[in-house]
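In listed order, ligands and their atoms are each counted from 1. Since the model is a prediction, treat every value here as computed from it, not as a measurement.
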Amino acid sequence: MIKAVRGTRDLLPPDTELWNFVERKVREVFARYNYHEIRTPVFESTELFARGVGEETDIVSKEMFTWEDGERFSKAKLREAWLRENKDRVFIDEMDQVLVAGFAPIDLAVYPTDGSRVDRPLIELISLRPQATEADVSALIDASKRLVTERGGMLALKAPLLRIVTPAGARSVNSTEVEITQLAGHFFESVQPLTLRPENTAGVVRAYIEHEMGRSGLLQKLYYIGPQFRRERPQKGRYRQFYQIGAEVIGPPSAGSELPIRDAEVLDMLIALLHAVGLTGWTLYLNSVGCVHCRPAYNQALREALAGVKDQMCGDCQRRAETNPLRVLDCKVPADQPIIEKLPKIADYLDEGCREHFAQVRAMLDTLEVPYQVNERMVRGLDYYTRTTFEFTHGELGSQSAVLGGGRYDGLSEQIGGPKAPGIGFAIGEDRLVLALQAQQQQALAPLKAFIIPLGTGMNRHALKLARQLRAERVTVDVSDEGFRLKKSFETAEKLGATFAILVGGNEVEADAFAVKRLKSGEQTTVSRAELLEYLEG
Ligand code: ATP
Ligand code: MG
C-alpha cells in the first residue's frame with residue numbers, strides 16, 4: 001500500500017469543516033482590518049530564504065526541502081553544438097532553418113520541428129531527453145525513412161540532439177543497423193537551487209519588491225493561507241507539510257510602516273481572530289529584539305559572555321556563539337537552559353529609538369486591554385526580526401505549544417535587494433490552531449441536524465427534494481439511500497451525530513407528513529412538511 005509520506009497527512013471530513021470554519025473567520029476578520037489576500041508560489045529560489053530567513057537559522061540550516069533544478073534542456077546550446085560539428089555541411093537559410101547540404105554516410109539528425117520545411121512535428125520532445133530510449137530509436141528511424149523518401153534526401157533540420165548513424169549508402173535502415181550518437185557537449189544547463197517555502201514572509205516581501213507594491217506610497221496589508229514545508233521530526237503538532245495563516249503590513253516609511261501603531265493593530269487583529277474562532281486560554285509573549293544599530297552591541301556582549309561557558313553547551317550553541325549568538329537564546333536543549341538564563345538581557349542593550357518604540361507598543365496594548373507577558377529571551381527563530389517580536393502559546397498543545405509567532409522585520413526588504421520597506425507580520429500554525437480548538441471542544445460548527453432516510457423503491461427523489469427544501473432553510477442535513485435497510489440507516493445517522501432521523505416512505509409522501517425520530521430519546525412523531533422546519537429547530 002502506498003501511504004502518505006511521513007510528516008504529511010490527509011485532512012478529512014469532519015475535520016475539514018473546522019479548517020474551513022477557521023479560514024472563513026480569517027477572511028472575515030482580516031477584511032475588517034482592510035487586509036487583502038496574496039498568493040505566492042509554493043517554491044522559490046533557495047537564495048531568498050538563505051538571505052531572508054538567515055543561513056544560521058534552524059529553518060535554513062536543517063529544515064528546508066531544497067533541490068537543484070538543474071539539467072534543463074537548452075535548445076540554444078544544442079543548436080550551437082550541432083552547427084559547430086556540422087559546419088562544413090550546413091547552412092542557415094533566411095528562415096533560420098538549418099539545412100543539410102549533403103551527407104555521406106547517411107547521417108541523420110531528427111528533431112522536433114516547427115519549421116516550414118516539415119508539415120508537422122515528426123518526433124516530439126525527443127531532443128528533451130539526455131538518453132534515447134528504444135521508442136525514440138524507432139521514432140527516429142521512422143522519421144528518417146519518411147524524410148528520405150519525402151524529400152529525396154534533403155532534410156530540413158532543427159535542433160537535433162541525436163544522430164542516427166547508418167551504414168554508408170543505405171537508403172533504408174532498421175534498428176539493428178543504427179548507431180545513435182549524442183552530439184559532443186552538454187545541452188542541459190544547471191538552472192537554480194530551489195526550495196519549498198518553509199515560511200511565507202520572505203515570499204511576500206519578494207513579491208512586494210518584484211511588483212513594486214511600495215510605489216503607491218500606501219501601506220500594503222496582505223494576508224495568506226497556505227502550506228509550508230520543513231524537514232523536521234514529525235510529531236503531534238509538527239509536520240513536514242503544515243499550514244500557515246499569515247499577515248504582513250509593509251510599506252515605505254512615509255506610509256507609517258515603522259510606527260508602533262502598526263504593531264498594536266496587528267496584535268489587536270490577532271486577538272479579534274482568536275476570539276472569532278473561539279480560542280481561549282492563550283498567552284501572548286512579547287519582546288523587543290532591537291535593531292541594526294543596537295543589536296551589534298548586544299551580540300558582542302553575548303559573545304563575550306558565551307566565550308567562558310560555550311564549551312559546556314550543545315554543539316549548535318558552540319557554533320552559534322561565534323556566528324550568530326542571538327540564536328543561542330533560541331536553543332531548546334534542556335542542559336543549556338541554566339546557562340542561557342544567566343546571559344545578558346537584550347532589554348539592557350536597546351537603543352533609545354527601540355526602547356521608545358517598544359514602550360509605545362506596550363502603552364497601546366494596555367489601552368486596548370490586551371494581556372501580555374514580556375519574555376526577554378524570546379528572539380524567534382528567524383534572523384529577519386527587528387524590534388517587536390511575539391508568540392502566542394496554548395496550554396492544550398503540549399510541547400508544540402506555539403500557536404503563532406511574528407514580529408517586525410524592518411530590514412528584510414533591503415536584505416533581499418529591495419527598497420526600504422519596514423513591516424510587521426505573523427504566521428499562525430493552522431494545524432496547531434485546529435488542534436487547540438478541537439482540544440477545547442469549541443467546535444463552533446453546525447452539527448448534522450437530520451438524516452433523511454428514503455424507505456422503499458422510488459423514494460430517493462422524494463428524500464432529495466425534502467433535503468433540498470431544508471438545506472434552503474440553512475438546516476444541515478444528509479440523505480441515506482433507499483437501498484439501505486432501515487436499521488443500517490439509523491446506525492449511520494447515529495454515527496454521523498445527527499439529532500433527528502426523518503423517514504420518507506410511500507405513506508409519508510402521500511400524506512406530505514414525515515415520521516421524525518429524535519435519535520437520543522427514540523421519541524418519534526409525525527410532522528407535516530409545513531411544520532417540519534419549526535419542529536427541527538425547536
Ligand atoms: P517551533 O518553535 O514550534 O518549531 P517556529 O518558531 O519554528 O515554531 P515559526 O517559524 O515562527 O515557528 O512559524 C509560526 C508558527 O507556525 C508556529 O508558531 C507554529 O504554530 C507553526 N509551525 C511551525 N513549524 C511547524 C510544523 N513543522 N508543523 C506545524 N506547525 C508548525
Ligand atoms: Mg521550528
Undergrad: Do Lys221 and Glu265 sit within salt-bridge range, that is, some charged N less than 4.0 Å from a carboxylate O?
TA: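 Here Lys221 pairs with Glu265 in a salt bridge, since their nearest N and O are under 4.0 Å apart.
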Undergrad: So, regarding Leu382 and ligand 1 (criterion: nitrogen or oxygen to nitrogen or oxygen, under 3.5 Å), is there a contact or not?
TA: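 Leu382 vs ligand 1: no N/O contact under 3.5 Å.
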Undergrad: Regarding atom 31 (C) of ligand 1: of the candidates Phe242, Phe229, Tyr243, which has the closest heavy atom?
TA: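 Selected option, by shortest heavy-atom distance: Phe242.
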Undergrad: Looking at atom 4 (O) of ligand 1, what's its closest protein heavy atom, distance included?
TA: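 Result: Arg238 NH1, 2.8 Å.
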Undergrad: Considering only non-hydrogen protein atoms, determine which one is nearest to atom 10 (O) of ligand 1 and report residue, atom name and distance to 0.1 Å.
TA: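 Its nearest protein heavy-atom neighbour is Arg230 NH2, 2.8 Å.
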Undergrad: Taking the basic N atoms (NZ, or NE/NH1/NH2) and the acidic carboxylate oxygens, is any pair closer than 4.0 Å for Glu199 and Arg197?
TA: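 Not counted as a salt bridge, because no side-chain N and carboxylate O are separated by less than 4.0 Å.
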Undergrad: Heavy-atom distances under 4.0 Å are what count here, so tell me which part of Arg380 touches ligand 1: side chain, backbone, both or neither.
TA: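 It is the side chain that touches ligand 1; the backbone stays farther off.
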Undergrad: Does Arg215 come within less than 4.0 Å of Glu212, counting only side-chain N to carboxylate O?
TA: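 Yes, Arg215 and Glu212 are salt-bridged.
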Undergrad: Can you tell me which residue and heavy atom of the protein come closest to atom 16 (O) of ligand 1, and the distance to 0.1 Å?
TA: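 Sorting protein heavy atoms by distance from atom 16 (O) of ligand 1 puts Gln244 NE2, 3.0 Å first.
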Undergrad: Centroid-to-centroid, Tyr223 to Tyr35, below 6.0 Å?
TA: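 Centroid distance Tyr223-Tyr35: not below 6.0 Å, so no.
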Undergrad: So is Glu391 polar-close to ligand 1, meaning N/O to N/O under 3.5 Å?
TA: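 N/O-N/O distance below 3.5 Å does not exist for this pair.
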Undergrad: Taking distance alone, with N or O pairs closer than 3.5 Å, would you say Asp431 contacts ligand 1?
TA: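 No, there is no polar N/O contact under 3.5 Å.
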Undergrad: Which residue and atom name correspond to the protein heavy atom nearest atom 28 (N) of ligand 1, and how close is it?
TA: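 Here the nearest protein heavy atom works out to Tyr239 N, 3.0 Å.
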Undergrad: Salt bridge check: are Lys345 and Asp348 linked by an N-O gap of less than 4.0 Å?
TA: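 No.
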Undergrad: Regarding Glu232 and Lys62, does a basic nitrogen lie under 4.0 Å from an acidic carboxylate oxygen?
TA: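 Here Glu232 does not pair with Lys62 in a salt bridge, since their nearest N and O are not under 4.0 Å apart.
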Undergrad: Check this for me: does any side-chain nitrogen of one of Glu391 and Arg380 sit under 4.0 Å from a carboxylate oxygen of the other?
TA: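 Yes, this pair counts.
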Undergrad: Quick check: does Val403 get an N/O under 3.5 Å from an N/O on ligand 1?
TA: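 For ligand 1, there is an N or O atom that lies under 3.5 Å from one belonging to Val403.
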